[in-house]
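Here's the structure, in structure tokens; my notes come after.
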Protein chains: 2
Amino acid sequence: MPTTEESDERPAPRRMRADAQRNQEKLLAAAAEVFASAGVDAPIRQIAAKAGMGVGTIYRHFPTRSDLVVAVFHHQIEECAQAGPRLLADADSPFAALHRWVDLFVDLLVTKHGLAQALQSDSSRFAPLHAYFLDRLLPVATQLLDAAAGADEIRSGTHPYELLRGIGNLCIGHDDDPRYAPRRLITLLLQGLRRPGPT
Amino acid sequence: MPTTEESDERPAPRRMRADAQRNQEKLLAAAAEVFASAGVDAPIRQIAAKAGMGVGTIYRHFPTRSDLVVAVFHHQIEECAQAGPRLLADADSPFAALHRWVDLFVDLLVTKHGLAQALQSDSSRFAPLHAYFLDRLLPVATQLLDAAAGADEIRSGTHPYELLRGIGNLCIGHDDDPRYAPRRLITLLLQGLRRPGPT
DNA sequence: CGACAACCGGAACAGTGCTCCATTTACTTT
DNA sequence: AAAGTAAATGGAGCACTGTTCCGGTTGTCG
């Protein structure tokens with residue numbers, strides 16, 4: 001057993017060939033750049049050109065476009081997920097934590113152009129992206145919502161999935177229309193979540 | 001001056017040729033059918049096949065896909081627009097009228113498959129549809145919102161355009177996910193609009 | 001060093017949207 | 001009624017997609 005390797009788990013019998021590794025990194029960098037400038041629907045050929053490789057190579061590494069998107073945004077999604085519990089511990093109230101986390105979530109969708117759009121976009125493409133998003137973020141949203149409901153700050157019975165998806169939807173189109181500021185509506189939505197005064 | 005003609009205004013020097021008229025009607029019927037079954041992004045060729053004509057004819061009548069969509073949904077959009085003032089006159093309160101009208105609006109988006117998606121979908125395509133929608137529906141929304149604000153039922157300062165667009169966004173993807181029911185969120189949003197208790 | 005498997009690139013195929021123009025067809029004029 | 005004219009047609013053609021496939025190349029290991 002060679003000792004020069006990192007301690008990463010390695011399920012495959014053989015590690016990736018060095019050139020393949022390099023190419024994958026180049027590809028991810030190029031894809032991130034193209035996604036940012038031309039959206040997640042940018043032509044594969046354009047990404048291939050920017051990365052200096054053929055389209056076959058891209059399909060070899062990432063069979064579906066969704067896989068590529070997941071790989072590119074993996075880091076940011078992870079950060080957002082991990083911020084949830086931290087906010088819950090630090091904020092003044094569960095609702096405040098929820099509000100801040102939603103802000104972070106919106107940041108994620110708004111900063112990375114086209115991510116919001118990709119998250120629904122016909123729903124059949126991008127299925128793996130959808131799945132990963134949910135797998136990672138739904139538990140966090142559930143935890144925050146439960147905490148706020150437990151503290152009696154919001155009405156109970158809100159579906160975390162629905163909220164996440166709704167917020168995602170509201171973020172669509174924020175950058176091709178200055179009149180549309182999703183955050184205002186999202187604040188409104190969170191207000192609507194608050195338990196109405198004791199009656 | 002011939003007297004056998006209807007009294008329609010006729011800005012063009014010549015009225016449409018009879019065969020063209022017939023074709024346009026066949027086309028609209030076929031398009032409505034295809035849109036309903038395959039969404040507004042259905043291939044033009046498919047619509048042409050169903051209507052029994054070449055794609056050239058379609059492009060002649062409706063230069064952009066958006067024009068075709070507008071023509072197909074013209075009637076329903078008009079109905080929704082006209083319902084606004086009526087509801088305002090009939091309902092118990094302006095807010096109730098607003099709520100009902102929003103329900104109608106959601107019906108429009110949810111019943112006609114893909115309409116909601118078309119309304120944002122990259123925003124560059126479908127620009128005429130967008131424009132027509134706004135031209136017709138924005139005044140209605142403004143009127144309802146103003147009335148509710150005037151009655152002190154909701155906070156003032158809400159942007160009608162933003163609300164319309166937000167609701168439209170929330171309606172996306174309702175039919176490919178049973179877990180997602182836009183109406184619940186929209187009700188929440190309207191709740192958030194209500195003026196908080198006097199403070 | 002050689003052999004072999006992993007890897008690469010892009011040619012090729014199958015759908016798209018949209019344009020263009022030779023041909024057909026309805027309306028008008030004589 | 002017949003001929004002339006302009007509107008209308010429809011599909012071939014072009015440009016651009018996503019995706020597959022395989023001959024040639026290049027790391028890696030014995």
Side-chain angles (χ1 to χ4, degrees), chain A residues 1-2 4-5 10-28 30-31 34-35 38-69 114 117-118 121-122 124-129, chain B residues 1-2 4-5 10-28 30-31 34-35 38-69 114 117-118 121-122 124-129:
Chain A
M1 178 193 299
T4 59
E5 301 179 345
R10 190 155 297 120
R14 212 184 200 90
R15 78 167 180 283
M16 188 180 265
R17 235 170 71 174
D19 55 342
Q21 179 86 41
R22 274 194 309 271
N23 257 340
Q24 179 151 335
E25 277 159 19
K26 261 201 310 182
L27 170 54
L28 281 177
V34 172
F35 284 167
V40 291
D41 280 323
I44 292 288
R45 282 172 175 79
Q46 185 179 339
I47 301 173
K50 181 141 231 154
M53 61 185 66
V55 293
T57 306
I58 295 186
Y59 279 100
R60 161 177 291 267
H61 285 315
F62 303 100
T64 84
R65 175 182 229 92
S66 189
D67 294 328
L68 180 55
V69 176
Q117 189 178 351
S121 174
D122 253 10
S124 55
R125 312 167 55 203
F126 295 111
L129 173 63
Chain B
M1 179 191 301
T4 60
E5 301 180 346
R10 192 156 295 121
R14 209 183 204 93
R15 79 169 178 282
M16 187 181 266
R17 237 170 69 175
D19 55 340
Q21 179 87 42
R22 274 195 309 272
N23 257 340
Q24 178 150 337
E25 277 159 21
K26 261 202 310 181
L27 170 54
L28 281 177
V34 172
F35 284 167
V40 290
D41 280 322
I44 292 287
R45 281 172 175 78
Q46 185 180 338
I47 300 172
K50 179 141 232 151
M53 60 185 66
V55 295
T57 305
I58 295 185
Y59 279 102
R60 160 177 289 265
H61 285 315
F62 303 101
T64 82
R65 174 181 229 93
S66 191
D67 295 327
L68 180 55
V69 176
Q117 188 177 351
S121 176
D122 252 9
S124 53
R125 316 166 52 203
F126 295 109
L129 173 63

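Being a predicted model, the structure only gives us computed values, none of them experimental. Order of the sequence lines sets the chain letters (A, B, ...), proteins ahead of strands, with each chain counted from 1.
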Q: Let me know, please, whether A:Val55 or A:Gln46 comes out on the 5' side of the other along DNA chain D by nearest nucleotide.
A: A:Gln46
Q: Between A:Arg60 and A:Arg22, name the one whose nearest nucleotide on DNA chain D is closer to the 5' end.
A: A:Arg60
Q) Under 3.5 Å, is there an N or O donor on one side and an acceptor on the other linking the side chain of B:Arg17 and the base of D:dA8? A) no
Q | Exercise: identify the closest heavy-atom pair between A:Ala38 and A:Gln46 | A | CB-NE2, 4.2 Å
Q | A:Arg125 CZ - D:dG18 C1' separation (whole Å) | A | 9 Å
Q: Respond yes when some side-chain nitrogen or oxygen of B:Asn23 is under 4.0 Å from OP1 or OP2 of D:dT9, and no when none is.
A: yes
Q: Please report, rounded to the nearest Å, how far the P atom of D:dA8 is from the CD atom of B:Gln21.
A: 11 Å
Q: Would you mind reporting whether A:Asp41 and A:Arg125 have side-chain heavy atoms less than 4.5 Å apart?
A: yes
Q.
Is it the case that C:dG15 (base atoms only) and B:Arg45 (side chain only) share a donor and an acceptor within less than 3.5 Å, ignoring hydrogens and angles?
A. no
Q. Can you name the closest pair of heavy atoms from B:Ala30 and B:Lys50 and give their distance?
A. CB-CG, 3.8 Å
Q. Starting at CZ of A:Phe62 and ending at P of D:dT19, how long is that distance when rounded to a whole Å?
A. 15 Å
Q | Spacing between A:Ile58 atom CD1 and D:dC21 atom C1', to the nearest angstrom | A | 16 Å
Q | Value in whole Å for how far the P atom of D:dG18 lies from CG of A:Asp67 | A | 15 Å
Q. Quick one: which of B:Arg17, B:Gln21, B:Met16 gives a side chain to side chain contact (heavy atoms under 4.5 Å, CB included) with B:Asp19?
A. B:Arg17
Q.
Among C:dC18, D:dT20, C:dC27, which nucleotide has an atom closest to any side-chain atom of B:Ala18?
A. C:dC27
(Q) Show, in sequence, the C-alpha distance, side-chain angles and deciding distance for A:Asp67 and A:Leu129, and conclude whether the side-chain contact (heavy atoms from CB on, under 4.5 Å) test is met. (A) CA-CA 7 Å; A:Asp67 294 328; A:Leu129 173 63; over 6 Å; no
Q.
Among C:dG9, C:dA26, D:dT20, which nucleotide has an atom closest to any side-chain atom of B:Asp19?
A. C:dA26
Q | Atom-pair distance (CE on B:Met53; P on C:dT25), nearest Å | A | 15 Å
**Q.** Euclidean distance, atom CZ of residue B:Phe126 to atom P of C:dG17 [Å, nearest integer]
**A.** 10 Å
Q: Establish, with yes or no, whether the OP1 or OP2 oxygen of C:dC7 is under 4.0 angstrom from a side-chain nitrogen or oxygen of A:His61.
A: no
Q.
For a quick test of reading the model: is some side-chain N or O of A:Thr57 closer than 4.0 Å to OP1 or OP2 of C:dG9?
A. yes
Q: Could you state the atom-to-atom distance from NZ of B:Lys26 to P of D:dA8 in whole Å?
A: 15 Å
